[in-house]
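Proteins come first, then strands; the chains are lettered A, B, ... in the order of their sequence lines, and each starts at number 1.
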Amino acid sequence: MRLSRYFLPVLREDPKEAEIASHRLMLRAGMIRQEAAGIYSWLPLGFRVLKKIEAIVRREQERAGSIEMLMPTIQPAELWKRSGRYDDYGREMLRISDRKEHELLYGPTNEEMITDIVARFVQSYKQLPLNLFHIQWKFRDEIRPRFGVMRGREFLMKDGYSFDLTREEGEHAYNKMFVSYLRTFAAMGLKAIPMRAETGPIGGNLSHEFLILADTGESQVYFDAAFHEKDWRTFELDYDDPAAVAAVVDEFTSMYAATEEMHDEERFEREVPPERRVSGRGIEVGHIFFFGDKYSKPLGAKVLGPDGEEHHLQCGSYGIGVSRLVGAIIEAGHDENGIVWPEPVAPFQAGLINLRQGDEATDAACEGLYEKLANAGLEVLYDDTSERAGEKFVRMDLIGLPWQVIVGPRGLRDGVVEIKNRASGARENVPLDNAVDWLRQCLMG
RNA sequence: CGGGGCGUAGCGCAGUCAGGUCAGCGCAUCUGCUUUGGGAGCAGAGGGUCGCAGGUUCGAAUCCUGCCGCCCCGACCA
């Protein structure tokens, strides 16, 4: 992408309404624009990140055996009246009516709808297990939206739902999602610590939240420092092997970790040695629940079992805050100059900076590099504007692409370009002809 | 919903207490020239229903009333 043809409205100054880093940086880097309290437009750069995160979530869901579908944002109120949640959900639910005065609502979640779908089409235990997910916009009329996309009213969520015959099979489904969440967040360069959680309005008795540590997190958390030593990238396992999956869950739940609501100071002190007790702030990016027949009963979702009897389905639901993750990742990765994207979610893999647009040799080198990088399948944002070098450096640091290829007359006199790592600040002079291979090595490294 | 604050050019702000001389500043934008390896300099130009609606007054960004929007703290939450 040529920056001169792109739409990247960066702000030179901090917008006054943004207090925390991710919100400030998303506005400054031209990723989002606020339309109303807790409601945002996603500008091209922000949208690319959202799509990257979505793709990782989708890949890991499918790997764990979940099947993608899409349910609407608008739901009939009638479904929610049947589950009893129409009244329970309170003023957080955005209620609307159509021209015929039919009561509708903008979905805050989809347990009712998916259960209704499954109830209609699944009659036999032979059609189980079943795990369905979608990635769709939600609306919750929060009392106080804040922190940009971290607590918006409209937000993009992956929500998945599992359906099984027995409680045991249902818990296996829950465990699979537990492990897939570890994988999902690790694939984004994050360490998301699973913590025992309250079930809240969703109900049920088994639940974990996944939290990323960040000073600006909304949750107070307590955990064992042993989590810091864990290898978060070694969950290659057979999802159909209940024992193997349960072993990983056991491993990660054996260490103490709890949010404030579930924190037990006595247990914390008993189980964790003083030097390993950590307390801090965390951002919730995922939440999984197992709630048995809480919705399958009122919504009549049942199947015939091998015993010839009717059984209500054993269900769980599994959420990942996709749009919230954009903010959370920035909270976890930024410095005084701007965003520092982990490679897997960066809007572009590298930036190419032409320090002297209009200089024949520099232009030629940049154009050649840009073409070769594109041919190598790399996503590159090419700053071909005629602005000054200083502005280009500052802007490229702000938007935080993992690698910068810096091309100017000074280096070209020696036949080199500079390759800079955004996270470490390390720079390397690389012969022009080797730059593409070098960068590919960096990105694979 | 309780408490605090804000609304003046695209962004950041001054002006409001003490009504007139108040439509201002910096950055950004446009034109020209000079510059060009970490947010350039000079010269010129464009851009505002002062959140909205009433009211007071000879006169309102400024005073009064009502409304709307946004932010922060708290209670509540993907």
Side-chain angles (χ1 to χ4, degrees), chain A residues 9-20 23-24 27-28 30 33-39 57 89-93 107-111 135-160 181 192 197-202 207-212 216-219 259-261 283-289 317-325 327-328 337-338 353-359 362 385-398 404 406-413 416-418 420 425 427 429:
Chain A
V10 300
L11 306 178
R12 186 173 274 241
E13 291 176 86
D14 288 336
K16 65 173 173 182
E17 71 269 20
E19 301 255 323
I20 69 165
H23 189 196
R24 195 180 73 236
L27 289 166
R28 284 204 52 200
R33 191 185 104 103
Q34 180 168 5
E35 302 296 351
I39 300 177
V57 169
Y89 226 93
R91 311 231 305 150
E92 288 218 343
M93 182 184 279
T109 179
N110 288 66
E111 278 88 1
I135 298 172
Q136 177 63 293
W137 291 92
K138 305 291 188 288
F139 196 95
R140 297 183 190 173
D141 202 353
E142 294 279 341
I143 295 171
R144 182 148 96 84
R146 60 183 134 175
F147 302 148
V149 299
M150 300 251 283
R151 178 163 300 284
R153 291 192 293 173
E154 188 185 48
F155 58 97
L156 186 61
M157 181 164 100
K158 185 288 293 184
D159 43 322
Y181 275 34
E198 285 196 300
T199 52
I202 304 222
S207 176
H208 286 90
E209 290 179 14
F210 290 77
L211 290 105
I212 294 174
T216 45
E218 292 187 88
S219 313
T259 57
E260 193 158 37
E261 304 81 53
I283 302 165
E284 181 186 348
V285 290
H287 202 158
I288 59 179
F289 303 87
S317 76
Y318 314 94
I320 291 179
V322 175
S323 49
R324 171 181 285 183
L325 269 167
N337 295 321
I353 300 180
N354 183 337
L355 290 178
R356 189 78 64 86
Q357 191 73 29
D359 176 80
T362 314
T385 65
S386 47
E387 282 156 79
R388 300 168 65 85
E391 292 212 54
K392 296 191 176 195
F393 288 132
V394 168
R395 179 170 52 211
M396 200 58 86
D397 283 350
L398 172 66
Q404 298 174 9
I406 300 163
V407 182
R410 209 166 72 189
L412 287 177
R413 275 199 294 275
V416 300
V417 299
E418 186 177 301
K420 175 182 155 185
R427 302 147 181 277
N429 282 321

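Residues A:Thr362 and A:Gly408 come closest through the heavy atom pair CG2-CA, 4.1 Å.
Pair assignment for B:C30: B:G44, on the basis of Watson-Crick or G-U wobble contacts that are both within less than 3.5 Å. Pair assignment for B:U56: none, as no Watson-Crick or G-U wobble contacts are both less than 3.5 Å. The partner of B:U21 cannot be assigned: no Watson-Crick or G-U wobble pair with both contacts below 3.5 Å exists in any strand. The partner of B:U35 cannot be assigned: no Watson-Crick or G-U wobble pair with both contacts below 3.5 Å exists in any strand. Base pairing of B:G74: its partner is B:C1, meeting the Watson-Crick or G-U wobble criterion (both donor-acceptor distances under 3.5 Å). Using the Watson-Crick or G-U wobble rule with both distances under 3.5 Å, B:C6 pairs with B:G69. Within the shown strands, nothing qualifies as a pairing partner of B:U16 under the Watson-Crick or G-U definition with both distances less than 3.5 Å. Nucleotide B:U62: unpaired (no Watson-Crick or G-U wobble partner with both distances less than 3.5 Å).
Using atom C1' as the reference point in both B:U57 and B:G20, the two lie 12 Å apart (nearest Å). Straight-line distance between the P atoms of B:A14 and B:C68: roughly 26 Å, to the nearest whole Å. Nucleotides B:A75 and B:U29, compared at atom P, are 44 Å apart to the nearest Å. Straight-line distance between the C1' atoms of B:A9 and B:G74: roughly 36 Å, to the nearest whole Å. A distance of about 27 Å separates the C1' atoms of B:C50 and B:G44, rounded to the whole Å.
Side chain A:Arg144 to base B:G3: no donor-acceptor pair is found below 3.5 Å. With hydrogens and angles ignored, no donor-acceptor pair under 3.5 angstrom links the side chain of A:Arg24 to the base of B:G12. Put simply, the side chain of A:Glu418 and the base of B:G37 share a donor and an acceptor less than 3.5 Å apart. Looking at A:Asp14, its side chain has no donor and acceptor atom pair within 3.5 Å of the base of B:G12. For B:G10, the base has no donor-acceptor partner in the side chain of A:Glu13 [N/O atoms by modelled type, under 3.5 angstrom].
Among the nucleotides B:A75, B:C70, B:C27, the one closest to the side chain of A:Arg12 is B:C27. Here B:G37 is the nucleotide among B:C70, B:G37, B:G38 with the atom lying nearest to any side-chain atom of A:Ala389. The side chain of A:Pro409 lies closest to B:G37 when the candidates are B:C72, B:G38, B:G37. Here the nucleotide nearest the side chain of A:Glu17, chosen from B:G39, B:C73, B:C70, is B:C70. The side chain of A:Lys16 approaches B:C13 more closely than any other nucleotide in the set B:G38, B:C70, B:C13.
Separating the CZ atom of A:Arg388 from the C1' atom of B:U36 is a distance of 5 Å, rounded to the nearest angstrom. One can place CD of A:Glu92 at 14 Å from P of B:C1, the figure rounded to the nearest angstrom. One can place CD of A:Glu142 at 14 Å from P of B:A75, the figure rounded to the nearest angstrom. Between the CG atom of A:Asp141 and the C1' atom of B:C1 there is a distance of 13 Å, rounded to whole Å. Between the CD atom of A:Glu387 and the C1' atom of B:C30 there is a distance of 15 Å, given to the nearest Å. With rounding to whole Å, A:Phe147 atom CZ is found 15 Å from B:C70 atom C1'.
Here A:Gln34 does not reach the OP1 or OP2 of B:G69: none of its side-chain N or O atoms lies under 4.0 Å away. Phosphate contact (OP1/OP2 of B:C11, side-chain N/O of A:Arg28, threshold under 4.0 Å): absent. Between A:Arg146 and B:G74 there is a side-chain polar atom (N or O) within less than 4.0 angstrom of OP1 or OP2.
Aromatic ring centres of A:Phe289 and A:His287: separated by under 6.0 Å.
With A:Arg324 contributing its side chain and A:Met150 its backbone, the two residues share a donor-acceptor pair below 3.5 Å. Within the 3.5 Å criterion, the main-chain N or O of A:Tyr318 finds a donor-acceptor partner in the side chain of A:Tyr181. The main-chain N or O of A:Thr385 is found under 3.5 Å from a side-chain atom of A:Lys392 such that the two form a donor-acceptor pair. Remark: side-chain polar atoms of A:Thr216 are not paired, donor with acceptor, to backbone N or O of A:Ile20 under 3.5 angstrom.
No hydrogens or angles considered: a donor-acceptor pair under 3.5 Å links the side chains of A:Asp397 and A:Gln404.
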